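When a residue number appears, it is its place in the shown sequence, counting from 1. Quick caveat, the model's predicted, so the values are computed rather than measured.
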Amino acid sequence: MSEIAGQTGLRAGATAVVNESYSFACMRCGYGWEQSYEIEHHTDATGHEFVLYVADGKVVPSPLSKPACHNCDGHVVRIMRPGRVASARDAAHRSHHVPPPAGPVEAPTPVAEERERHHWHLSDLLHPFQRKAS
């Protein structure tokens with residue numbers, strides 16, 4: 001999911017760049033997309049570390065803080081590991097083999113012995129526990 005890039009191509013003041021990719025799925029409209037980010041690690045003048053997320057060459061807010069759907073602007077968005085949206089699309093486009101419907105099936109006929117089985121009543125089950133009157 002992440003990989004450290006070398007010191008090449010850093011913005012001014014960046015100490016390291018990590019590449020991360022995420023898959024997103026909107027729980028409101030079902031739209032899915034994937035995005036890769038360069039996460040630049042910086043240190044401010046007071047020594048505190050901070051990061052900048054860069055997508056397509058532009059600094060963007062962290063996708064983990066308040067993601068919004070690109071389709072409906074909904075904010076109930078599931079964040080997943082990269083490749084999940086692509087694998088779901090591939091599965092949806094694959095032809096599914098559907099077995100033919102089953103033909104008529106005959107129900108088994110009960111054997112004569114089974115038809116004449118004793119029908120149990122609660123009193124039959126409690127009979128061994130009843131006391132004999134003296």
(request) Tell me, please, which residues at least two apart from Asp44 pass side-chain hydrogen bond (donor to acceptor under 3.5 Å, both in side chains). (result) Thr46
(message) Determine whether a donor-acceptor pair (N or O, by modelled atom type, separation under 3.5 Å) exists between the side chain of Ser23 and the backbone of Arg81.
(response)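 Yes: the side chain of Ser23 pairs with the backbone of Arg81.
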(message) Tell me whether Met27 shares a hydrophobic cluster with Tyr22, the cluster being built from Ile, Leu, Val, Met, Phe, Trp, Tyr side chains joined at under 4.5 Å.
(response) no
(message) A side-chain contact here means heavy atoms from C-beta on lying under 4.5 Å apart; do Arg28 and Val76 qualify?
(response)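 SC-SC contact between Arg28 and Val76 ruled out.
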(message) With a 4.5 Å cut-off on side-chain heavy atoms, are Glu49 and His41 touching?
(response)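 Counting from C-beta outward, His41 and Glu49 never come under 4.5 Å.
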(request) Please round to the nearest 0.5 Å and tell me the distance separating atom SG of Cys26 and atom NE2 of His75. (result) 10.0 Å
(request) Give, for atom CD of Glu40 and atom NE2 of His42, the distance between the pair rounded to the nearest 0.5 Å. (result)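 Spacing of CD (Glu40) from NE2 (His42) equals 4.0 Å.
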Side-chain atoms of residues 59-72: list all donor-acceptor pairs with protein atoms under 3.5 Å, sequence neighbours left out, distances to 0.1 Å.
unit_1 : atom_1 : unit_2 : atom_2 : d
Ser62  : OG     : Leu64  : N      : 3.2
Ser65  : OG     : Ser62  : O      : 2.9
His70  : NE2    : Trp33  : NE1    : 3.4

(message) Checking side-chain polar atoms at under 3.5 Å, does Gln35 have a donor or acceptor matched by the opposite partner on Tyr37?
(response) no
